[in-house]
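Here's the structure we're looking at; comments come further down.
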Amino acid sequence: MFGLFSKKNKGVTVYDNIWISEEAKFRACLEMNKADPTTVFIAWFEETRSALENFFKRNSVAKQIHLADRLNADFADKELIFVEHHPLASEEQRKATELGRNEITVLSALSEPLFRLFNGDKIIEMMKKMGINEDEMLENGMITSSIRKAQEEIAKKTTISGSSRSQADWLLNAGIGQQFS
């Protein structure tokens with residue numbers, strides 16, 4: 001009655017797969033492509049798209065990496081993998097819905113600007129002390145929840161949402177964070 005007992009729609013489910021470094025994440029992309037060459041890799045930013053395409057080329061694989069803003073529903077029957085987070089969860093939700101997805105997988109590296117903004121370097125240090133191998137993937141609901149909270153904090157502080165060449169540039173243009181190297 002009046003939606004009192006109905007479940008709240010939490011949007012598209014996001015599965016996070018995280019590595020310590022971008023290089024380790026890219027190696028995982030290479031393995032995913034070997035397992036299923038029809039997998040479509042999607043980047044939010046040109047810098048990431050170009051870096052992953054170049055990584056594939058260096059490993060003798062011709063693979064087009066797509067930009068999220070240029071991707072349309074033509075890929076309905078393909079496995080879609082986002083190779084980075086957008087700083088705003090609302091953008092991820094919008095694109096996934098536009099692509100007809102109820103769930104998406106996002107690959108990230110703790111070395112990315114979004115994570116460095118929230119002490120990713122300290123997490124990397126701790127993980128190395130714990131003996132976690134760089135090529136080991138982390139996947140945990142608490143990690144996903146932390147990423148979502150970080151995106152919510154960014155959304156609270158952001159008044160604009162424009163395009164940028166990189167995640168670091170986007171954060172700087174939005175007035176968040178510091179200079180990323």
Side-chain angles (χ1 to χ4, degrees), residues 10-117 120 134-135 137-139 143-144 147-148 150-151 154-155 158 160-174 176 180:
K10 294 188 179 188
V12 175
T13 302
V14 177
Y15 296 101
D16 285 293
N17 297 335
I18 302 173
W19 287 265
I20 290 176
S21 70
E22 185 176 78
E23 182 80 11
K25 177 180 77 171
F26 285 177
R27 285 192 297 269
C29 290
L30 192 60
E31 290 303 313
M32 289 175 189
N33 189 66
K34 284 180 187 174
D36 182 1
T38 65
T39 298
V40 176
F41 294 99
I42 306 162
W44 285 101
F45 301 102
E46 174 60 35
E47 184 177 86
T48 306
R49 185 206 63 77
S50 178
L52 183 54
E53 261 185 14
N54 288 334
F55 180 84
F56 274 108
K57 283 179 190 172
R58 284 192 310 273
N59 286 279
S60 303
V61 176
K63 183 77 174 182
Q64 180 181 8
I65 310 304
H66 298 272
L67 284 171
D69 287 343
R70 297 186 189 149
L71 197 65
N72 57 40
D74 292 345
F75 296 94
D77 61 334
K78 305 281 186 198
E79 175 73 21
L80 304 180
I81 302 288
F82 287 82
V83 295
E84 65 189 333
H85 271 286
H86 191 283
L88 298 176
S90 60
E91 286 297 308
E92 293 177 348
Q93 293 288 313
R94 178 192 61 78
K95 181 49 83 173
T97 301
E98 191 178 288
L99 295 171
R101 302 298 164 130
N102 295 326
E103 52 188 43
I104 60 171
T105 299
V106 180
L107 311 182
S108 299
L110 290 171
S111 59
E112 292 172 11
L114 180 65
F115 289 93
R116 289 194 319 218
L117 192 61
E134 183 178 69
D135 286 321
M137 179 196 61
L138 303 171
E139 180 180 28
I143 294 172
T144 297
I147 293 168
R148 181 60 62 102
Q151 288 173 313
I154 290 169
T158 303
I160 58 140
S161 177
S163 62
S164 293
R165 179 160 167 65
S166 70
Q167 194 180 73
D169 287 348
W170 190 98
L171 290 166
L172 288 170
N173 292 339
I176 297 170
F180 297 100

With sequence neighbours excluded, residues passing salt bridge (Lys or Arg N to Asp or Glu O under 4.0 Å) with E103: none

- line: When every non-hydrogen atom of L67 is compared with those of I42, the smallest separation belongs to C-CG2, 4.3 Å

Side chain proximity check, F82 to T48, heavy atoms < 4.5 angstrom: no

field: Pair listing, ring pair (Phe, Tyr, Trp, His ring centres under 6.0 Å) test, anchored in residues 22-43, at least two apart
entry: F26-F55, F41-F56

field: Pairs involving residues 56-69, ordered by first then second residue, that meet side chain to side chain donor-acceptor pair (under 3.5 Å) (sequence neighbours left out)
entry: N33-K63

message: Within this structure, what is the CD-OG1 distance for the pair Q93 and T13, rounded to the nearest 0.5 Å?
response: 8.0 Å

task: For residues L114 and Q167, report the shortest heavy-atom separation together with the two atoms involved.
output: N-OE1, 2.9 Å

message: What's the separation between atom CG in L110 and atom CH2 in W19, rounded to the nearest 0.5 Å?
response: 11.0 Å

statement: Sorted by chain and number, sequence neighbours left out, ring-ring contact (aromatic ring centres under 6.0 Å, His included) with F115 holds for none

query: Can you name the salt bridge (Lys or Arg N to Asp or Glu O under 4.0 Å) partners of K78, sequence neighbours left out?
result: none

message: On a heavy-atom basis, which atom in V83 and which in C29 lie closest, and how many Å separate them?
response: CG1-SG, 3.9 Å

message: Using the salt bridge (Lys or Arg N to Asp or Glu O under 4.0 Å) criterion, which residues pair with E46? Sequence neighbours excluded.
response: R49

statement: side chain to side chain contact (heavy atoms under 4.5 Å, CB included) filter on A89, not counting sequence neighbours, yields R148, Q151

task: Enumerate the residue pairs fulfilling side chain to side chain donor-acceptor pair (under 3.5 Å) with a member in residues 21-30, sequence neighbours excluded, ordered by first and then second residue.
output: S21-E134, K25-E112, R27-E134, R27-D135

task: Flag the pair E53 / S50 as yes when at least one side-chain heavy-atom distance between them is below 4.5 Å, and no otherwise.
output: no

I20 side, atom CD1; L138 side, atom CG - distance, nearest 0.5 Å: 7.0 Å

statement: Those residues at least two apart in sequence (or on a different chain) that pass side chain to side chain contact (heavy atoms under 4.5 Å, CB included) with S166 are E47, A168, D169

message: So, using side chain to side chain donor-acceptor pair (under 3.5 Å) as the criterion, who are the partners of D36 when residues are at least two apart?
response: T38

message: For I104 versus V12, what's the shortest heavy-atom pair and its separation?
response: N-CG1, 4.1 Å

statement: Value for CD1 (I81) from CD1 (I65), rounded to nearest 0.5 Å, stands at 11.5 Å

message: Testing the basics here: between S164 and F45, what is the closest heavy-atom pair and its distance to 0.1 Å?
response: O-CD2, 3.4 Å

- request: List for me each residue that meets side chain to side chain donor-acceptor pair (under 3.5 Å) alongside R101, sequence neighbours excluded, and say none if there are none.
  value: none

message: Given 3.5 Å as the limit, does a donor-acceptor pair link the side chain of E84 with the main chain of W44, or not?
response: yes

message: Test of understanding: with side chain to side chain donor-acceptor pair (under 3.5 Å), list the residues that count as partners of R165, not counting sequence neighbours.
response: none

